[in-house]
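Encoded as structure tokens, the structure appears first; notes follow it.
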Amino acid sequence: MEILSSLNPPQRQAVEQTEGALLILAGAGSGKTRVITLRITYLIAEKNVPPFNILAVTFTNKAAGEMRERVNTFLQGQKLQSAPLIATFHSLCVRILRQDIEHLSEGYTKSFTIYDTSDQQKVIKACVKDIGLDEKQLSARLVQSQISASKNRGEDYEMYASRVEYADERRAAIARVFKMYEERLNNANALDFDDLLIKTVRLLRKSQEIRDKYNNKFKYILVDEYQDTNALQFALIQYLTEKQQNICVVGDDAQSIYGFRGADIGNILSFEEHYPNAKVIMLEQNYRSTQTILDAADAIISNNEGRKEKKLWTKKDGGEKIFYYQAFDADNEARFVASRIEEHQRRNLQDRIAVLYRTNAQSRVFEDAFRRLRIDYNIVGGFSFYERAEVKDVIAYLKLVLNPFDDIALLRVINTPTRGLGKTTLDELSFRARDFGVSHWEALAIITDEKYDQPLNITARALEALRNFKKVIEKLQVKLSESSQTNKSVTEVVMAAIEDTGYANMLRSENSDESATRLENLEELVNAAVDYDKQEEYGLRDFIDHAALSSDMDKFDRNATVTLMTVHSAKGLEFPIVFLVGLEDGIFPHSRSINEPKELEEERRLAYVAITRAEKILYVTHSMRRRVYGEEMTAEPSQFLNELPLDLIQDLSRGSSWLSFARSSATQNNKHAATALSGETISEKPKNLYTGKTYNNAEAIAEFFKKKTDGQQSSTGNQSSIFASREEESKPLSGMDKLRALSSQNKNPPSAISNPNSFVPGSHVRHAKYGKGLVLRREGTGDNVKLTVSFPGFGQKKLIEKFANLEKA
DNA sequence: AAGTAAATTTTTTTT
DNA sequence: AAATTTACTT
């Protein structure tokens, strides 16, 4: 294969080493996808391996799709009898289970339903309620995450319960709910995401026959993003490679960012122990980024312990510096990004741009700013198409048709559109279902039967409504069996679920803008069905499975010029220009991870992933203020910013920034470096403040004057005063302000004013090691006073006031 | 029972 | 600030 000559030696070896176990440690941008796809191609074209003997597993549909596409391109012109199976872990499991789940003898049938997270929570909510517990004490959310975490460790509810210490009532309650939850899913013939893996592993463990079947089928197995595999996925791979160990895994421990989903970095770190004859190939040449970007990424990740040492290198030269911007607030940050994008696009429209943030909630301000400047953008994440209520409703009808035991689907649509069924009736139905020990659908059939003569807490009218609903579903079932012969079966049934159920009419009669959008979304669903029918061989079953397992990532348009997404979603992608935004303490690293060293390391890997997405230009931004839950909060720069080498950064901030402060601090330790650096920044700043003729100039000037009136600034240009909140002293106090001032003094008797050695929340302090910081919280009294202080660049620290040796700043 | 107003909660990250 | 849940009215 001549194309192989375009590979570097380790890449080429990774392609040609087809037999046995192989671990490819592929650094960011090292041509990993190219190697995997060529490897598949090589197996087929050179080694004459029948395509159906090849299995490639990925985590996302997007990655699978891309791989499929690339392999097809490489194999163009070749006539193949079959295609290699390129699937996600979950879709692979669905495939296996749809064929063989009945061998498990756990009561599941091939027409099982898949429950997504919100379905799970509904079941859990009902369980918590039926157990007689207060929903507020035991939120469905918490229980769901506990159950999922437990399942991903490979436990069942008995193992979970056995780990419960008898004193812990809450955990004991969760264990009870866990048990009930499992029973109800079983009754509903439903599997959650985790079950897909669990049941498959259990099936393979149980049956030698089935294990053989898949071992014989998949002779060559590839696993992408191996660092993200959890215990279950590991077990699955173990079983599938039992016979021939032609297993190739690709990954990068530095990019392991799914610990929260049970991913075990140990799987990749100890691959050689699991497969003693394994070969290891390192791909360290980076083809993506400039040296500057790689240096920045390396500087960040080297703060982590416990990783495989590797150093990326590139033939590219230094390239642009990393651009830095400190914003006043989130809106200002978004406007900055928008105006820079506009500038880039004026110069060059080819360069794709990504705006990466830690949480989906951050996207909104950017969307607004982009709309204002009429910048076309593409957003990944948030609510996916299949998560929209109307789409879920119609899908619920279809799920119910395929699996009438699906209680969640039934309850979702039984009164949508309204059929005159209220809470009382539905509660009675649920009660009967529990009482008889059957599904809601069966209970409904029993109590609506003419011959049923037991007393019921249901009016005649409601009973008629139930019969009516039953007829609607039965008609859909007939439609499904009738149309299964035609080649438009999916479309027909989907349309029936929209029209014949009265759903479309409900929306039409609403006649609002919103209902019009919903109708459009349903049309979109019909379009998806039409596409599905074109691919033949796949029926309604697969269509629904697809809807259940597809995520928003799948709609990522690789040709879009501007894309907004979370850092997690960006993994595996690359962009000439990247904006990494919201680099603030509590956002990135996220507040939930900040106190746990392990989780903080994962955040750092996440930052590493973010930085290494950039090919040519990287921006890092943060804001001084941000709204959290609708409340304005001060935000401190991320500690990750502090881990970037200062000489790689160019400051684009208006006014004095945290960066210039950090630089002048560095100055004190190293006078020589200092003059070079601070000379540049100080001369730049006032110019920007006075002459900048942009949208936020007024704000910039206001910010500047705020500093001037501050009066406390040192003459050396120490820019720390952004944190200051001393305006009250120069302004007349309002009545409310006076009250607040009084009460805060009373709460903390030795106030900062009366006692120079103690510090109240909001005051600024200086620490010998961490420098200047903002006091966030004060707890305890006397010698036991504990302070929570946020130090820009170092994060939040808890300090004992007595020992911390803090100074007023 | 259904629609509206008020109260409450929400934000990690994803298959 | 927005979305979801609950409480209240008709």
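Heavy atoms only: backbone and side chains are in, while hydrogens, waters and symmetry mates are out.
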B/dT15 base stacked by A/H90 (centroids within less than 5.5 Å, tilt under 30°): no
Sugar-phosphate only, base, or nothing, as touched by A/D116 at under 4.0 Å among non-hydrogen atoms: nothing
Phosphate OP1/OP2 of B/dT14: any A/T566 side-chain N/O under 4.0 Å: yes
By ring pair (Phe, Tyr, Trp, His ring centres under 6.0 Å) - contacts of A/F543 (at least two apart): A/Y532
Touch class at under 4.0 angstrom, heavy-atom based, for A/F89 against every strand present: nothing
By side chain to side chain contact (heavy atoms under 4.5 Å, CB included) - contacts of A/A26 (at least two apart): A/I24, A/S30, A/K32, A/V250, A/L283
Which nucleotide in B/dT15, B/dT14, B/dT12 has an atom nearest any side-chain atom of A/S569: B/dT14
A/N360 side chain near B/dT13 phosphate (N/O to OP1/OP2, under 4.0 Å): yes
Length of the line joining A/E387:CD and C/dT4:P, which is rounded to integer Å: 11 Å
Under 4.0 angstrom between A/R627 side-chain N/O and C/dA1 OP1 or OP2: yes
Set of side chain to side chain contact (heavy atoms under 4.5 Å, CB included) partners for A/A361, sequence neighbours left out: A/T359
Partner set under side chain to side chain contact (heavy atoms under 4.5 Å, CB included) for A/Q99, not counting sequence neighbours: A/K213, A/Y214
Listed nucleotide nearest any side-chain atom of A/T359, set B/dT15, B/dT12, B/dT14: B/dT12
Phosphate-side-chain proximity, A/R358 and B/dT11, N/O vs OP1/OP2 below 4.0 Å: no
Salt bridge (Lys or Arg N to Asp or Glu O under 4.0 Å) against A/D228, all qualifying residues, sequence neighbours excluded: A/K571
Under-4.0 Å side-chain N/O to phosphate OP1/OP2 contact, A/R592 with B/dT12: yes
Residues A/S593 and A/E603: side-chain donor-acceptor under 3.5 angstrom: yes
Any residue meeting side chain to side chain contact (heavy atoms under 4.5 Å, CB included) with A/A560, in chain and number order, not counting sequence neighbours: A/N378, A/D557, A/T563
Sorted by number, the residues of residues 221-234 of chain A with heavy-atom contact under 4.0 Å to DNA chain B: none
Under 5.5 Å and under 30°: A/Y258 stacked on B/dT14: no
Aromatic plane relationship, A/Y397 with A/Y503 - under 30° parallel, 30 to 60° tilted, over 60° perpendicular: perpendicular
Full working for side-chain contact (heavy atoms from CB on, under 4.5 Å) between A/D192 and A/K151: CA-CA 10 Å; A/D192 64 27; A/K151 284 184 169 187; 2.7 Å; yes
Salt bridge (Lys or Arg N to Asp or Glu O under 4.0 Å) contacts touching residues 412-422 of chain A (sequence neighbours left out): A/D393-A/R412
Between the protein and nucleotides 1-9 of chain B, which nitrogen or oxygen pairs come in under 3.5 angstrom?
unit_1: B/dA1; atom_1: OP1; unit_2: A/G422; atom_2: N; d: 2.9
unit_1: B/dA1; atom_1: OP2; unit_2: A/T424; atom_2: OG1; d: 3.4
unit_1: B/dA2; atom_1: OP1; unit_2: A/G420; atom_2: N; d: 3.4
unit_1: B/dA2; atom_1: OP2; unit_2: A/N415; atom_2: ND2; d: 3.3

Distance, P atom - from C/dT6 to B/dT11, rounded to whole angstrom: 15 Å
5' precedence on DNA chain B between A/S139 and A/L606 (nearest-nucleotide basis): A/S139
Sugar-phosphate only, base, or nothing, as touched by A/F260 at under 4.0 Å among non-hydrogen atoms: base
